[in-house]
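Order of the sequence lines sets the chain letters (A, B, ...), proteins ahead of strands, with each chain counted from 1. Just so it is clear, the structure is predicted and the values come from calculations on it, not from any experiment.
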Number of protein chains: 2
Amino acid sequence: MQVIVYSHSAYLSDPQMLVKNFLTPAWAARAQIAGLLQKNRLDALKMPVLFVCEASNRLLSRRQKIRREWPSAERTRVSASASTMNIREIARRAKVSTATVSRTINRMPTVHPHLAKRVWKVVEELGYFPNTQARMLGSGRSRIFGLIVSEITNPFFPEIVHVFEEIAVQHGYEILMTSTVHDRERMKTAIRRLLEHRVEGVAVMTFGMEEALLEDLKVRNVPLVFVDAVGPPRPRVSNIRIDYLRGIRQAVQHLAALRHERIAFITGPLTLKSAVARKDAFIESTKEIGMALDRQLIMEGDHTPKGGEQAFAKLLALPLRPTAVLCSNDMTAIGVMHKSYVEKIAVPRDLSVIGFDNIRFSEYILPPLSTIQMSQAELARLAFQALLNDVKRETPNPHGTEYILKTNFVLRESTAMNGHKALRSTRAL
Amino acid sequence: MQVIVYSHSAYLSDPQMLVKNFLTPAWAARAQIAGLLQKNRLDALKMPVLFVCEASNRLLSRRQKIRREWPSAERTRVSASASTMNIREIARRAKVSTATVSRTINRMPTVHPHLAKRVWKVVEELGYFPNTQARMLGSGRSRIFGLIVSEITNPFFPEIVHVFEEIAVQHGYEILMTSTVHDRERMKTAIRRLLEHRVEGVAVMTFGMEEALLEDLKVRNVPLVFVDAVGPPRPRVSNIRIDYLRGIRQAVQHLAALRHERIAFITGPLTLKSAVARKDAFIESTKEIGMALDRQLIMEGDHTPKGGEQAFAKLLALPLRPTAVLCSNDMTAIGVMHKSYVEKIAVPRDLSVIGFDNIRFSEYILPPLSTIQMSQAELARLAFQALLNDVKRETPNPHGTEYILKTNFVLRESTAMNGHKALRSTRAL
DNA sequence: CTGAAAGCGCTTACAG
DNA sequence: CTGAAAGCGCTTACAG
């Protein structure tokens, strides 16, 4: 029997390659090449035809059309796919079963080294790599974690994304990242996408936003990890509690030591649980050292530079201005410093400013910003570990697990002794 | 025969629900519930057992253990999965075929509205959503695009990631994002991951780095889009060419108009094609206006603030210092301004600085940084569109497609007239 | 327009 | 230790 090989476009440029790749030598010797859609030639031949087809449904339909037109054609499945090598092809060439190929590739110790070697040889020769989707479907495990951040363009988050991704890849996980931008709709579609992809867990790095929307995930027993979550503990729901008080206390005491008595605090959006927690930590820190608390000095911002500017403008309008400002995040502090620049208020001489987060940028702000570090890398590590633990655990911890992340004050150059330099310059005059 | 239903945890709270969901009325009438792992009870019964099991391999093995221990147990597969609703279950309840469910969910117009309504009703009642992995495997399309950026922690990139993701979701695509951090190994594993996930296209936003590594993707006919690619055009490989000259020329002419004659340029890493292109645009811009070019004023940086500082330090050591510095990116400019701050060189009075990229931050730098805008949103949009076009195109454009992105100078407050203020202050003395 | 059935490329319990 | 075979949850060409 003569053989006609019917191929798809990728091999048209080098049909011999196709013959070599997909036929046994015995078949290859008899092979002729029929290019894609060259129906006429095939038609003229009127002889048994061996088809090589690819997975694409489009091509499949072509093949079937051709089959209808040459009922005489013998249809032999040589390979399911010419463009995509698969496990069956590897098995055929290595002269083992697909089960053995699968076991070899997954490095199961039970495979005889002799067979494993044969399999690896073929795998490398053909540059084969498994199809993740099929793997997921077969095993029932997606090996995907979701990562929800509130705003990737806020420089606090890319670092988290980066570290989270790095660890995930090390553990053979893929991540599906979503930036919700404080938008309910986006959050909803994001959750839907995560569920459709059957993620094995989701890290929710939104700092206490819209958590009600995540009910869908909880109900389906998807392991979750939050930052600053509230609400009753649940199995498979971990929480990373930030020890805000530690860093904020250090900052307040630093300002107090510099003889500041009117310290303002610009909060984040107070719908955010983390923002409330930071504000509360500030209030507690001032109380601890018996500092008189002027409620007017606590101003709401929104964690953006613009919000920082506006809040600071209001503080400037106060009859008694603050001499120092502590901000709920670095972006807010940047806004404050920008406004100070515009108003020709010299930082730190006339105003001390402290941020929160220690984004990478803060050391490049002028003057370099003193801030409170909340390690983004550590946060990402904790979050990943929390999810991994939950995935591995046979029986979930009924109360969830709590992790704690400390914060620390970082001294740079945006604070100074209250009145000190001003005093000196007065004397100089 | 009596029936024991062996269930997994999700149904333990409401076992009757399980019986109702998975057994025919006739079986249900005889069903007793045996909870998860309640081996003892089952053991005591010593009677035929009907198992309901779920897909999870872990549970499957438990089931099998139990079966081994009660050889008398009759094993009937009632449903493949109790935890995950599937298309078969929907079909059963809506009294249609799985084909019809599939067609309905994919909104194929051929489904009779009457049937479609029945299907949607069941889908909504049960909160069903399709399994993406199975969908991919069935259709042969992954609906995933890869996105490779060089460094997510560089504030230039998050904006790209954000916009790219947003458009992708709108078009029903998922993205797999990877930050290579200028690391060959990471790039290699990233490409491998993308191939394993059978991505339909990859946007390579590394600005001319390590493109040789992408050969694997090209060979497999994966549509690609580059920025500043070099090399011969190829089918399914698009290129976004940045019109650097336009923006850089505007910046140079602006400085020239401010009577700057010694304008330095701090480049990016010259292994990066984009960095070379920016440098060349600078040289051409100075030549165009007949400005004498001092090669000493072109200093290599690395697109980080640290690199900017170091390059600027070398410029300061020159016998004749520059009065203006144009930087290959904003991060470099930030480094320059930081160094100026340390060295007490006032920007813009003593030194004019211009960046490149127009990252969001640049307007919050003090003084606000004049820079050259290269729209990150537009770049992301072009890249996505390029991939989508290639995916849709039946026969690829043999020469690939080229897209062009313009750049524009953005004036802020980091530049000033050369010598002007210095002159005035001299007079004042 | 609809359903029965084959197929996607893997994994894995079972029986040697 | 290995292979034959069933299964994962979809899609879709084909035949009504």
Side-chain angles (χ1 to χ4, degrees), chain A residues 53-65 67-68 77 79-81 84-92 94-106 108-116 118-119 128-142 196 198, chain B residues 53-65 67-68 75 77 79-81 83-91 94-106 108-116 118-119 128-143 196 198:
Chain A
C53 64
E54 68 152 356
S56 146
N57 297 314
R58 207 176 301 150
L59 255 185
L60 216 62
S61 66
R62 279 183 195 143
R63 181 195 62 173
Q64 276 154 352
K65 222 173 287 158
R67 179 156 66 126
R68 222 178 309 143
R77 186 70 173 283
S79 163
S81 169
T84 308
M85 198 55 55
N86 64 20
I87 207 174
R88 206 163 64 225
E89 185 56 26
I90 303 292
R92 195 178 66 74
K95 300 197 198 311
V96 294
S97 69
T98 57
T100 298
V101 175
S102 173
R103 289 187 191 111
T104 305
I105 285 172
N106 290 304
M108 297 196 182
T110 57
V111 182
H112 191 95
H114 186 67
L115 290 190
R118 236 160 65 201
V119 172
Y128 166 83
F129 43 87
N131 178 320
T132 314
Q133 276 96 43
R135 239 174 168 169
M136 291 169 174
L137 201 56
S139 70
R141 296 197 51 188
S142 69
E196 288 184 351
R198 302 296 191 268
Chain B
C53 64
E54 66 152 357
S56 146
N57 298 314
R58 208 177 300 154
L59 255 186
L60 219 59
S61 66
R62 278 185 194 141
R63 180 196 62 173
Q64 276 154 353
K65 220 175 289 158
R67 179 155 71 126
R68 226 175 301 141
R75 179 165 151 260
R77 187 71 174 283
S79 162
S81 170
S83 64
T84 309
M85 201 50 58
N86 64 21
I87 207 175
R88 207 163 61 225
E89 186 57 26
I90 304 292
K95 300 198 196 312
V96 294
S97 69
T98 57
T100 299
V101 175
S102 173
R103 289 187 191 109
T104 305
I105 286 173
N106 291 305
M108 297 197 182
T110 58
V111 182
H112 192 95
H114 186 67
L115 290 190
R118 238 160 63 202
V119 171
Y128 166 82
F129 43 86
N131 178 320
T132 315
Q133 276 95 44
R135 240 172 168 171
M136 291 170 175
L137 202 56
S139 69
R141 295 198 51 189
S142 68
R143 305 217 118 229
E196 288 185 351
R198 303 294 191 271

It should be established whether A:N106 places a side-chain nitrogen or oxygen under 4.0 Å from OP1 or OP2 of nucleotide C:dT11.
yes
Would you say B:R135 and B:I87 make side-chain contact, with heavy atoms under 4.5 Å?
no
Where the side chain of B:P130 is concerned, which of D:dC10, C:dG9, C:dC1 is the nearest nucleotide?
D:dC10
Can you tell me how far C1' in D:dG16 sits from the matching atom in D:dT12, rounded to whole Å?
16 Å
What is the distance, to the nearest angstrom, from the CD atom on B:Q133 to the P atom on D:dT11?
13 Å
Nearest to the side chain of B:T110, heavy atoms from C-beta on, is which of D:dG3, C:dT12, C:dT2?
C:dT2
Respond yes when some side-chain nitrogen or oxygen of B:Y128 is under 4.0 Å from OP1 or OP2 of D:dG9, and no when none is.
no
Side chain of B:R103, heavy atoms from C-beta onward: which of C:dA5, C:dT12, D:dC14 has the nearest atom to it?
D:dC14
Please state whether the phosphate of D:dC10, meaning OP1 or OP2, lies under 4.0 angstrom from any side-chain nitrogen or oxygen of B:S102.
no
Side chain of B:S97 only, heavy atoms from C-beta on: which candidate in C:dC1, C:dA4, D:dA5 is closest?
C:dA4
B:L137 has a side chain; which of C:dG3, D:dG9, D:dC1 sits nearest to it?
D:dG9
What's the closest nucleotide to the A:M108 side chain, out of C:dG3, D:dC1, C:dT12?
C:dT12
Closest nucleotide among D:dA4, D:dT11, C:dC10 to the B:R135 side chain
D:dT11
Can you tell me which nucleotide in C:dC1, C:dC10, C:dA5 comes closest to the side chain of A:I87?
C:dC10
Does the side chain to side chain contact (heavy atoms under 4.5 Å, CB included) test come out yes or no for A:M136 and A:R198, once each step is laid out?
CA-CA 9 Å; A:M136 291 169 174; A:R198 302 296 191 268; over 6 Å; no
Categorize B:T100 for me: base, sugar-phosphate, or nothing, with a 4.0 angstrom heavy-atom threshold over every strand shown.
sugar-phosphate
Minimum-distance nucleotide (side-chain atoms of A:A134 versus C:dG9, D:dG3, C:dA4)
C:dG9
Got a second to check how far B:T100's OG1 is from B:H112's NE2, nearest 0.5 Å?
12.0 Å
Using Watson-Crick geometry (N1-N3 plus N6-O4 or O6-N4) or G-U wobble (N1-O2, O6-N3), each under 3.5 Å, C:dA4 is paired with none
For D:dG9, take OP1 and OP2 only and decide whether either is under 4.0 Å from a side-chain N or O of B:N86.
yes
